[in-house]
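Notes to accompany the following structure.
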Amino acid sequence: MNNRYEPAEIEPRWQGVWEETRAFRALNPGDAGFDPEQPKYYVLDMFPYPSGAGLHVGHPMGYIGSDIVSRRKRMEGYNVLHPMGYDAFGLPAEQYAITRGVHPAQSTAKNVETFRRQLRSLGLSYDWSREFSTCDPSYYRWTQWIFARLYDLGLAYRTEVPVWWCEELKTVLANEEVIQGRSERGGHLCLRRPLSQWMLKITEYADRLLDDLETVDWPASVKTMQREWIGRSEGADVIFPIDGFEASLTVFTTRPDTLWGATFMVVAPEHALLEEITTESDREAVQDYVEQASRKSDLERTDLAKVKTGVFTGRYAINPVVDPDTEESRIPIFVADYVLASYGTGAIMAVPAHDERDFEFAKKYNLNIHEVVKPPEGEPGLSEGVCFSGEGTAIHSGPIDGLASPAAKLKTIELLRKRNLGDARVSYRLRDWLFSRQRYWGEPFPVLHRKDGSHLRVPDADLPVELPEMEDFTPADDGAAPLSRASDWVVASDPETGDTVRRDTDTMPGWAGSCWYYLRFMDPQNDEAPFSPEAQEYWGNVDLYIGGVEHAVLHLLYARFWHKVLYDCGLVSTKEPFKRLFNQGLLTAFAFKDSAGRTIPVDEVEERDGTHVKSDDGTEVEQVVAKMSKTLRNVVNPDDVVAQHGVDTFRIYEMFMGPLGESKPWNTRDVPGSRRFLEDVWKLFVDPSGSEPIRPHLREAVEGVLEGEALVLERALNRALKRIEESFETFKFNTAIAAMMEFKNVASKCRQVVTRSQAERFVCAMAPFAPHIAEELWSRLGHAEGIVRAPWPHHDEAYLEEEEYELVVQVNGKLRARVRAPKEADKVLLEELARGAAQKYLAGQSIRRAVVVPGRLVNFVLGS
RNA sequence: GGGGAAGUGGCGGAAUCGGUAGACGCAUCGGACUUAAAAUCCGAAGGGCUCUAAGCCCGUGGGGGUUCGACUCCCCCCUUCCCUACCA
């Protein structure tokens with residue numbers, strides 16, 4: 001028998017065994033051997049987007065973490081669902097296909113294959129029988145089916161909206177995919193353009209999406225981000241009559257109590273009434289302004305935000321609470337692009353005394369500023385020349401004078417309601433979800449368009465509406481969807497009348513597939529339903545969801561929305577999809593900066609005498625931490641690490657780097673340390689120069705009382721087991737590995753004393769982290785059954801207490817001595833011991849006080 | 001501008017409830033083994049001062065405070081990273 005530690009031999013062998021024995025298969029209700037009494041645990045990774053570049057070492061960070069949890073849960077007796085798949089539809093896949101001139105179906109299949117190979121090589125305990133891609137027709141059939149439910153509920157609707165159009169990508173993008181006027185992917189300039197689109201009424205679920213955040217165990221920061229994204233604000237609609245005009249102007253405000261201070265109004269350049277209300281003499285100026293605003297990208301609109309601009313429309317509104325006989329009741333209406341068409345009503349009442357933006361605008365255009373809220377004592381207000389936007393006491397406001405802001409708000413709303421001039425209203429920052437793309441690589445909508453402009457759903461029985469094969473899938477210059485050119489495919493017959501109808505030619509956005517994949521994993525082969533009620537009932541929701549913070553808002557919000565819709569349809573029994581969420585940290589890498597602050601690629605830098613210098617001219621550079629990127633040439637491929645050291649080393653290193661939740665830099669230099677640890681563990685149990693599978697003294701269990709070194713070892717093991725246990729609470733697996741290393745260090749000094757029981761418990765505790773070596777050692781220890789379902793070892797408190805401990809002796813808070821103290825020593829004895837130990841510091845001094853903390857220290861406070 | 005997270009040796013990072021700062025590992029330096037090197041094994045090591053022996057001082061971004069005692073709690077400031085960006 002070869003007794004050297006050879007990961008290249010061990011690892012593929014055990015991976016083969018796991019596959020043959022289907023070691024990680026999760027059993028569903030109805031499967032042979034399913035035990036309804038066994039507790040379930042569902043651990044999910046955010047599935048990857050299979051890009052052409054393959055995995056880099058950052059991807060597996062979270063996967064390894066979730067795998068460790070899965071493996072331990074299995075050892076604790078849970079029926080663990082731990083699946084993996086691919087988020088394969090969407091823009092990036094299509095862009096990649098276009099730049100390479102390959103069909104997206106082909107490039108995606110190839111990328112998926114690379115990802116699968118790499119993931120499999122990492123020894124992750126996925127139930128591979130549940131694997132799928134979102135672009136599989138057998139999957140997207142049900143994505144379409146769920147869309148049909150949304151359609152039936154009236155939650156999907158078509159409307160003409162000004163949408164973000166990206167000229168470069170020839171597509172429409174959602175608000176969330178446009179950052180500062182540029183596409184999130186690729187950074188291309190975008191502009192707004194009206195198009196007929198599918199929208200999903202996520203706003204209808206805003207309150208539930210907000211309220212149910214209370215029920216999930218998620219990082220507070222993610223909850224906050226979601227709350228802010230939904231942006232619920234309570235306020236009121238107020239109707240302002242327009243002077244000499246039939247129509248009125250409605251605004252939304254969160255401060256109805258400041259109504260008496262509204263001295264002008266502003267409408268967005270896109271406001272529907274703008275053209276009508278503009279007077280002849282001002283028409284030209286207004287039209288100019290509107291045109292300018294439409295040409296501005298949002299980038300410019302925000303960048304120039306510091307300087308507000310606007311134009312008078314020539315028209316006046318009437319402040320409904322100001323005496324109509326006074327000139328003050330007539331307030332001018334402006335158009336300005338600091339008011340957004342898409343929020344509230346697209347128009348505001350401007351209260352310059354109590355709103356920073358209005359204040360700025362009023363100062364620039366010399367408009368009236370009328371104070372109606374007195375700031376609380378000590379806070380500066382208008383008299384100090386500052387705009388006070390907080391809450392205070394109403395003044396100069398007739399019927400609400402003297403009321404505190406919250407009461408003033410309520411009373412104003414009551415007044416408005418009585419006079420039919422407005423009412424309380426809640427407004428959200430969240431907009432409905434723009435759900436269609438004029439692209440090829442996505443789920444086609446299961447919708448047919450009749451000649452009369454009406455539309456109907458494709459019957460469920462006819463799903464999936466398969467994506468047609470197309471040679472040329474590039475978007476048309478005019479923005480028409482590629483599918484509209486699939487002339488055979490587009491034509492269909494009306495299921496009711498048999499007339500000719502046209503298929504909808506848009507496709508769903510990339511987010512669609514990831515909205516419910518966690519449900520499909522529960523029952524992935526079902527071809528009668530997206531998942532069976534039994535499977536859903538059993539698996540419930542995801543117990544632990546691990547992924548990056550970049551999905552804190554969109555993916556998680558969209559998935560929660562769909563989940564709630566399915567809940568309303570009676571298809572799922574839980575209100576929330578993900579019980580606990582954990583964000584793994586970003587994996588960074590070292591890079592270098594020269595004195596001018598330019599980043600220098602790693603391969604142009606070398607180390608000389610402890611400093612880093614540029615290879616070509618020897619100038620000193622500074623080491624910094626940056627994201628892994630092609631340009632910095634600091635990307636590390638897991639394949640290389642695995643080839644050199646094996647998967648177990650890779651897994652141990654990734655977890656040993658630091659807490660899973662924190663971002664930390666990869667350093668190839670450190671990897672051999674993890675390899676050495678595994679080599680040492682191996683040698684602890686296997687004699688590399690011998691031929692026995694295991695060190696002979698470990699072959700049989702020895703009975704008897706532990707004493708001497710054996711007892712020391714037992715204590716060390718229990719300490720380690722406890723620390724490993726604790727590491728699962730906070731995902732600080734680095735401390736678990738440190739604990740294993742400490743045990744290994746102690747045990748290596750007295751190898752012959754290690755008992756079989758200790759070896760077994762240690763190997764089991766190590767199994768989730770380094771499963772291959774653990775499995776090999778377990779089998780060498782003579783176990784025919786794999787370690788995958790071996791019992792998880794728990795520590796015994798009895799071995800954590802020692803007879804004696806080291807008592808710290810301080811004088812005036814400074815460490816001066818240490819002394820051995822018996823466990824049960826009382827305060828008097830401890831003080832006495834300490835006094836003896838610190839004698840030389842105490843001689844001739846008067847002790848003012850002695851602080852005795854049993855189990856810890858004694859601190860002598862000397863008199864002055 | 002707003003919000004959040006974080007600053008500990010040369011590097012990654014430890015440190016339950018406020019109680020021995022620097023666990024564990026990397027790199028480094030000695031020593032052993034070797035013809036030599038690698039690997040391996042043993043050992044040293046926060047910084048400074050110093051009579052080189054026991055010891056002293058300083059040290060968790062900076063400055064204050066609370067406490068017998070602060071990486072940990074409170075106040076102010078600085079830096080870095082992430083998110084967000086006129087939401088009325």
Side-chain angles (χ1 to χ4, degrees), chain A residues 179-180 219-222 224-225 228-229 231-233 235 251-255 258 266 298 301-306 308 336-340 342-351 354-358 360-361 389 427-431 549-550 552-553 585-586 588 590 607 610-611 623-627 652-653 656-659 661-674 676-677 679-680 683 723 726 732 734-742 744-745 748 806-818 848-853 855-862:
Chain A
I179 295 163
Q180 300 195 330
S221 58
V222 174
T224 304
M225 279 190 240
E228 284 173 1
W229 189 264
R232 182 191 151 102
S233 32
V251 303
F252 173 75
T253 176
T254 53
R255 294 298 299 272
T258 63
V266 184
D298 250 28
R301 227 156 127 163
T302 30
D303 258 18
L304 299 175
K306 273 122 208 158
K308 292 194 175 23
D337 65 6
Y338 81 89
V339 171
L340 307 174
S342 52
Y343 182 76
T345 62
I348 61 156
M349 65 176 205
V351 184
H354 306 292
D355 182 286
E356 298 278 358
R357 296 152 301 183
D358 301 343
E360 199 187 310
F361 193 83
S389 57
S427 187
Y428 300 91
R429 207 188 101 121
L430 181 73
R431 318 286 152 86
V549 249
E550 63 271 23
V553 178
L586 184 73
T588 52
F590 289 113
E607 202 173 338
T611 59
Q623 193 177 52
V624 293
V625 166
K627 277 188 188 176
I652 291 285
Y653 174 64
F656 188 55
M657 287 168 72
E662 261 154 58
S663 110
K664 46 216 174 277
W666 175 275
N667 194 349
T668 301
R669 192 187 71 179
D670 292 347
V671 176
S674 298
R676 227 166 279 155
F677 164 62
E679 297 268 6
D680 290 350
K683 279 184 280 185
R723 286 183 67 190
E726 285 167 350
K732 290 183 171 184
N734 53 326
T735 63
I737 293 165
M740 290 185 243
M741 286 172 168
E742 275 175 352
K744 183 267 304 178
N745 288 343
S748 298
E806 193 164 68
L807 180 74
V808 167
V809 185
Q810 296 181 338
V811 177
N812 283 340
K814 283 191 175 124
L815 172 71
R816 290 306 188 197
R818 295 162 223 257
R848 188 150 54 102
R849 195 180 149 192
V851 182
V852 183
V853 185
R856 294 260 181 219
L857 53 67
V858 175
N859 185 17
F860 293 106
V861 186
L862 301 182

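The sequence lines fix the lettering, A, B, ..., with proteins before strands; numbering per chain opens at 1. Since the model is a prediction, treat every value here as computed from it, not as a measurement.
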note = d(A:Tyr653 OH, A:Asn667 CG) to nearest 0.5 Å is 5.5 Å
request  = Give one of base, sugar-phosphate or nothing for A:Pro659, where a contact means two heavy atoms less than 4.0 Å apart.
outcome  = sugar-phosphate
key: Distance-only donor-acceptor check, side chains A:Asp358 and A:Tyr338, under 3.5 Å   = yes
query = For the side chain of A:Arg669 and the base of B:rC26, is some donor closer than 3.5 Å to an acceptor across the two?
reply = yes
note = Taken to the nearest whole Å, NZ/A:Lys683 to P/B:rA39 is 13 Å
Pick out the pairs of N or O atoms, protein on one side and nucleotides 54-56 of chain B on the other, that lie under 3.5 Å.
{"residue": "B:rG55", "atom": "OP1", "partner": "A:Lys840", "partner atom": "NZ", "Å": "3.3"}
{"residue": "B:rC56", "atom": "OP1", "partner": "A:Arg816", "partner atom": "NH1", "Å": "3.3"}
{"residue": "B:rC56", "atom": "OP1", "partner": "A:Tyr841", "partner atom": "OH", "Å": "3.3"}

query = Looking at B:rG19, B:rA15, B:rC86, which one has an atom nearest to any side-chain atom of A:Arg357?
reply = B:rC86
request  = Look at all strands and tell whether A:Phe590 reaches a base, only sugar-phosphate, or nothing, counting heavy atoms closer than 4.0 Å.
outcome  = sugar-phosphate
ask   = According to a strict under-4.0 Å criterion, is A:Arg676 in side-chain N/O contact with OP1 or OP2 of B:rA27?
value = yes
task = Identify which nucleotide among B:rA85, B:rC83, B:rU16 has an atom closest to any side-chain atom of A:Trp229, counting heavy atoms from C-beta outward.
result = B:rA85
request  = Compare every heavy atom of A:Ile737 with every heavy atom of A:Phe656, then report the nearest pair and how far apart it is.
outcome  = CD1-CG2, 3.6 Å
query = So which nucleotide from B:rC24, B:rG25, B:rC87 ends up closest to the side chain of A:Lys744?
reply = B:rG25
ask   = Could you give the NZ-to-C1' distance, from A:Lys664 to B:rC82, as a whole number of Å?
value = 15 Å
query = What distance, rounded to whole Å, do you find between the two C1' atoms, one in B:rG46 and one in B:rC71?
reply = 15 Å
query = Do the non-hydrogen side-chain atoms of A:Thr258 and A:Met349 ever get within less than 4.5 Å of each other?
reply = yes
query = For RNA chain B, whose closest nucleotide is more 5', that of A:Val853 or that of A:Gly231?
reply = A:Val853
task = Answer yes or no: side-chain N or O of A:Arg232 and base N or O of B:rC87 forming a donor-acceptor pair under 3.5 Å.
result = no
query = Rounded to the Å, how far apart are A:Arg849 CZ and B:rU67 P?
reply = 11 Å
Nearest-neighbour nucleotide for the A:Phe656 side chain, B:rC86, B:rC24, B:rC83 considered = B:rC24
task = Answer with base, sugar-phosphate or nothing: what part of the nucleic acid does A:Gln810 contact at a heavy-atom distance below 4.0 Å?
result = base
request  = Sticking with atom C1', work out how far B:rA38 lies from B:rG61, rounded to a whole angstrom.
outcome  = 42 Å
query = Hey, is B:rG9 sitting syn or anti, using the within-90° cutoff around 0?
reply = syn
ask   = Tell me: CZ of A:Phe677 to C1' of B:rG13, nearest whole Å?
value = 16 Å
ask   = Would you write out the dot-bracket form of RNA chain B, 5' to 3', with Watson-Crick and G-U pairs under 3.5 Å, [ ] for crossing pairs, | for pairs to other strands and . for unpaired bases?
value = (((((((..(((......[....))).(((((.......))))).((((.....))))..(((((..]....))))))))))))....
Shortest non-hydrogen separation from A:Ala738 to A:Arg723 and the atoms involved = CB-NH2, 4.2 Å
request  = Would you kindly give the CG-to-P distance between A:Leu815 and B:rG19, to the nearest whole Å?
outcome  = 15 Å
message = Once you apply a heavy-atom cut-off of 4.0 Å, does A:Val861 come out as touching a base, just sugar-phosphate, or nothing?
response = sugar-phosphate
key: Closest non-hydrogen atom pair, A:Phe677 against A:Met740   = CZ-CB, 3.7 Å
ask   = Looking for any heavy atom pair under 4.0 Å, which part of the strands does A:Ser427 touch: base, sugar-phosphate only, or nothing?
value = nothing
request  = Specify the residue among A:Met741 and A:Gly658 whose closest nucleotide of RNA chain B lies further upstream toward the 5′ end.
outcome  = A:Gly658
task = Can you figure out which of B:rC41, B:rG69, B:rG12 approaches the side chain of A:Met657 most closely?
result = B:rG12
request  = Look at the side chain of A:Leu340 and decide which nucleotide, out of B:rC87, B:rC83, B:rG3, has an atom nearest to it.
outcome  = B:rC87
task = Give the nucleotide from the list B:rC11, B:rC87, B:rA23 with an atom nearest to the side chain of A:Asn667.
result = B:rC11
inquiry  = So which atom in A:Thr588 and which in A:Ser663 form the shortest heavy-atom distance, rounded to 0.1 Å?
reply    = CG2-OG, 4.4 Å
request  = Assign A:Gly344 to base, sugar-phosphate, or nothing according to its heavy-atom contacts below 4.0 angstrom with the strands shown.
outcome  = nothing
inquiry  = Does A:Ser342 reach a base, just sugar-phosphate, or nothing at all? Heavy atoms under 4.0 Å.
reply    = nothing
key: Phosphate-side-chain proximity, A:Arg723 and B:rA14, N/O vs OP1/OP2 below 4.0 Å   = no
query = What interatomic distance, in whole Å, is found between P of B:rA37 and the corresponding atom of B:rU28?
reply = 15 Å
message = Using every non-hydrogen atom in the two residues, find where A:Phe590 and A:Pro665 come nearest and quote the distance to one decimal.
response = CZ-CG, 3.8 Å
query = Between B:rA14, B:rC24, B:rA27, which one does the side chain of A:Asn745 approach most closely?
reply = B:rC24
query = How long is the line joining CG of A:Asp337 and C1' of B:rC86, in whole Å?
reply = 10 Å
Syn or anti for B:rC56 (syn when the glycosidic angle lies within 90° of 0) = anti
message = The side chain of A:Pro665 is closest to which nucleotide in this list: B:rG12, B:rA15, B:rC87?
response = B:rG12
query = Looking only at heavy atoms, which two atoms of A:Gly813 and A:Asn859 are closest? And how far apart?
reply = N-OD1, 3.0 Å
request  = For A:Glu806, report the nucleic acid contact type (base, sugar-phosphate, nothing); a contact means any heavy atom under 4.0 Å.
outcome  = base
request  = Would you kindly give the CE-to-C1' distance between A:Met740 and B:rG25, to the nearest whole Å?
outcome  = 13 Å
inquiry  = What is the separation between atom CZ on A:Arg856 and atom P on B:rG69, rounded to the nearest whole Å?
reply    = 18 Å
message = It should be established whether A:Asn734 places a side-chain nitrogen or oxygen under 4.0 Å from OP1 or OP2 of nucleotide B:rA14.
response = yes
